Amino acid sequence: MLFPNRCSSCALGPGPAAGLRRHWYAIVQVAATTLSLTLLFTAPTRASSEPVAMEEPASETRPIEIVSGVTYRAGARLTIPGTGWSFVVPEHWQSSRPDDADMPFLTPEEGKDLGMLFPLTGATRESIREQLSQPLSLLHGISFIPAGSQIENETSIAQSYQGEDMVGRALAVLGPGEAAVIYFLMGPPHDAALFQSVLEQLGQSTHFGEPGAERGPGL
């Protein structure tokens, strides 16, 4: 499975998997490192001796452009600079963007899971099916293979994944004009039952188009 880095300018032509491959390495490098740190070093309460800027939930109609160094709480509607889509941070989760990443990550308020987001342009339903059907290999020996059949409806495609001592779930939300976003959650097997609800919240809250975002100050 080859998700792109920030893909606001790439289009998927013939052989979309090959076209996306060059965008993927940087994201999985950051994601795998973040995941390893989350699983190995982060306490369930996310305690820290350093102060962290927290952003209160934004109005549903006033998305906030996500910036590095701020942790956004559940209920905040976020948009990524340079993209035309937004989403709401799910209940009991939070979102933040590392300084060296284009895209934010999602983490639970308690637990050791990790969520990633991948906006796409020029993405057809068939090209997304192809991406979701591929194995995903990260650094540090973290890898996933598709498990079971894809589940589709008019606006989304879902796929489950199995890894060594970990599971993954992906939801691709299809927008107008061949725009799409893929949400990918991973974590210990005992958290798999929670992923469906989180992905449903993300899918239902996804808006495509010009969000008219404001840059929200951290608290």
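Bear in mind that the values here come from a model prediction, so they are computed numbers and not experimental data. The first residue in the sequence is number 1, and the count goes up from there. Side chains are part of it too, since the values below use all heavy atoms of this structure and drop only hydrogens, waters and symmetry mates.
In this structure, Thr83 contributes its side chain and Ile80 its backbone to a donor-acceptor pair below 3.5 Å. The backbone N or O of Phe87 lies less than 3.5 Å from no partner atom in the side chain of Ser205, so there is not a single donor-acceptor pair. When atom types are taken as modelled, the side chain of Ser156 and the backbone of Asn153 share no donor-acceptor pair closer than 3.5 angstrom. Proximity of a side-chain donor or acceptor of Ser68 to a complementary backbone N or O of Pro98 within less than 3.5 Å is not detected.
Residue Phe184 comes nearest to Ala170 through the heavy atom pair CD1-CB, 3.8 Å, listed as atom of the first residue, atom of the second, then distance. Closest approach of Met103 to Pro119, counting heavy atoms only: SD-CD, 3.5 Å. When all heavy atoms of Tyr183 and Leu199 are compared, the pair lying nearest together is CB-CD2, 3.8 Å. Shortest non-hydrogen contact noted between Gly187 and Phe195 is N-CZ, 3.8 Å. Contact record, Glu178 with Thr124: OE2-CG2, 3.4 Å, taken as the closest heavy-atom pair. Closest heavy-atom contact between Arg125 and Leu174: NH2-CD1, 3.2 Å.
Just one residue in the list Ser143, Pro135, Pro146 forms a side chain to side chain contact (heavy atoms under 4.5 Å, CB included) with Tyr161, and that residue is Pro146.
Every residue was checked against the side-chain hydrogen bond (donor to acceptor under 3.5 Å, both in side chains) condition with Gln204, not counting sequence neighbours, and none meets it. By the salt bridge (Lys or Arg N to Asp or Glu O under 4.0 Å) test, Arg129 is found to be paired with Glu126, Glu152, residues two or more places apart in sequence or in another chain being considered.
Of the inter-residue distances, the one linking Asp113 atom CG with Asp191 atom CG reads 4.0 Å to the nearest 0.5 angstrom.
Val89 and Val67 fall within a single hydrophobic cluster, where Ile, Leu, Val, Met, Phe, Trp and Tyr side chains are chained together by heavy-atom contacts under 4.5 Å.
Side-chain contact check for Leu202 versus Pro90: some heavy-atom pair is nearer than 4.5 Å. Contact annotation: the side chain of Met166 approaches that of Phe144 to within less than 4.5 Å [non-hydrogen atoms, C-beta and beyond].
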